[in-house]
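Scroll down for the structure; my scribbles are underneath it.
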Amino acid sequence: MAPLTPPILDGHSPAVIAQTCQTYNLTPSEFAQLRDRAVAAKATSYSPYSKFKVGAVLLSNGKVDAVVDAVTGERTTAPEQTYTPGANVENASYPVTTCAERVAFGRAITEGHRGFKAVAVATDISPPASPCGMCRQFIREFCELSMPILMFDKDENFSVLRLEDLLPLSFGPDQMGIEGSA
């Protein structure tokens, strides 16, 4: 069976964006914020070796755990919906490099966010790049398999797939007897 190759959609077409929003239960505003924030996050990439800049952003669906501030000791909660950005951070020892998606998730989880509605990834290439295998598994830890992953190219055209399409036959917390981590 050949791997799934999603179509590249016109990121400047209101009709295409509207259909995508309807299909993946996003508002046009959420779509625009995901695109714009992923592109902005890409600009913060530390990628002196590969020069391959990646930005990612997560949209939480408002489910949060209270977080205790390490300095003040105050318990805080996040707003209803939060966008959490991340960018790739390279290292001279390539295996130590951290991908944009894992940076964003690490930040979101440690800030108390749980339950995510969508992930967006932006790169400077075309066609759009998908999350790597390690990131797909990392995303699986915290997200429902039905969650959309929007992948934007250098021209803001995009592809979108659900996590279950990017990581078929996945292994996750439910196989370890942990329910509700997503």
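Small disclaimer: the values here were computed from a predicted structure and weren't measured.
- When atom types are taken as modelled, the side chain of Gln137 and the backbone of Phe171 share a donor-acceptor pair closer than 3.5 angstrom.
- Results of the side chain to side chain contact (heavy atoms under 4.5 Å, CB included) test with Pro148 over Thr23, Val160, Leu163 single out Val160 as the only residue that passes.
- Here NZ of Lys117 is found 12.5 Å from OG1 of Thr82. Values are rounded to the nearest 0.5 Å.
- Residue pairs meeting the side chain to side chain donor-acceptor pair (under 3.5 Å) criterion with at least one partner in residues 150-161, sequence neighbours excluded, are Ser126-Asp153.
- Closest of all the heavy-atom pairs between Gly86 and Ala41 is O-CB, 3.4 Å.
- Under a hydrophobic clustering in which Ile, Leu, Val, Met, Phe, Trp and Tyr are joined whenever their side-chain heavy atoms come within less than 4.5 Å, directly or via other members, Met134 and Tyr94 fall into different clusters.
- Between the CG atom in Asp124 and the CZ atom in Phe52 there is a gap of 8.0 Å [rounded to 0.5 Å].
- Within the 4.5 Å cutoff, no side-chain heavy atoms of Thr44 are placed close to those of Lys53.
- Counting only residues at least two apart or on different chains, the side chain to side chain donor-acceptor pair (under 3.5 Å) pairs with a member in residues 99-108 are Arg107-Glu111.
- Counting heavy atoms from C-beta outward, Ile8 and Pro128 have side chains that approach closer than 4.5 Å.
- To the nearest 0.5 Å, the span separating CD on Glu144 from CG on Asn61 amounts to 9.0 Å.
- Between the side chain of Asn88 and the backbone N or O of Thr97, no donor-acceptor pair lies under 3.5 Å.
- Between Ile17 and Gly11, the shortest heavy-atom distance links the atoms CD1-O, 3.4 Å.
- With rounding to the nearest 0.5 angstrom, the CG atom of Leu58 is 8.0 Å from the CD1 atom of Ile139.
- Between Thr84 and Ala104, the closest heavy-atom pair is CG2-O, 3.6 Å.
- Taking NE2 of His113 as the reference point, atom CZ of Phe105 lies at 11.5 Å (rounded to 0.5 Å).
- Screening Leu9, Val16, Asp10 against His12 for a side chain to side chain contact (heavy atoms under 4.5 Å, CB included) leaves a single residue, Asp10.
- With Thr27 contributing its side chain and Glu30 its backbone, the two residues share a donor-acceptor pair below 3.5 Å.
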- Message: Between Gln33 and Ser29, is the side chain to side chain donor-acceptor pair (under 3.5 Å) condition met? List the steps.
- Response: CA-CA 6 Å; Gln33 288 289 318; Ser29 175; 5.1 Å; no

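- Leu167 and Leu161 fall within a single hydrophobic cluster, where Ile, Leu, Val, Met, Phe, Trp and Tyr are joined by side-chain heavy atoms under 4.5 Å apart, directly or via other members.
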- Pair Val119-Met147, side chain to side chain contact (heavy atoms under 4.5 Å, CB included): steps then yes or no: CA-CA 8 Å; Val119 175; Met147 191 194 63; 3.3 Å; yes

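- Tyr83 is not listed as a side-chain neighbour of Pro85, based on a closest heavy-atom distance of 4.5 Å or more.
- Taking the six-membered ring wherever Trp is involved, the centroid distance between the rings of Phe31 and Tyr24 does not fall below 6.0 Å.
- Residues Asp165 and Arg136 are not paired through a salt bridge, judged by the lack of any N-O separation under 4.0 Å between the basic side chain and the carboxylate.
- Residue Leu145 is grouped with residue Phe116 when hydrophobic side chains (ILVMFWY) are merged at heavy-atom distances under 4.5 angstrom, including chains of intermediate members.
- Counting only distance, with no hydrogens or angles, the side chain of Ser93 and the backbone of Val96 share no donor-acceptor pair below 3.5 Å.
- Residues Ser45 and Glu90 form no side-chain contact, since every pair of their non-hydrogen atoms from C-beta on lies 4.5 Å or further apart.
- Residues passing the ring pair (Phe, Tyr, Trp, His ring centres under 6.0 Å) test with Phe138, sequence neighbours excluded: Phe142.
- Tracing side-chain contacts under 4.5 Å through hydrophobic residues (I, L, V, M, F, W, Y), one never reaches Val57 starting from Tyr46; they form parts of separate clusters.
- With contacts defined as side-chain heavy-atom distances shorter than 4.5 Å, the pair Leu166/Pro131 qualifies.
- Arg162 places no side-chain N or O within 3.5 Å of a backbone atom of Ile149 that could act as its donor or acceptor partner.
- Here the straight-line distance linking atom CZ of Phe152 with atom OG1 of Thr123 works out to 11.0 Å at 0.5 Å rounding.
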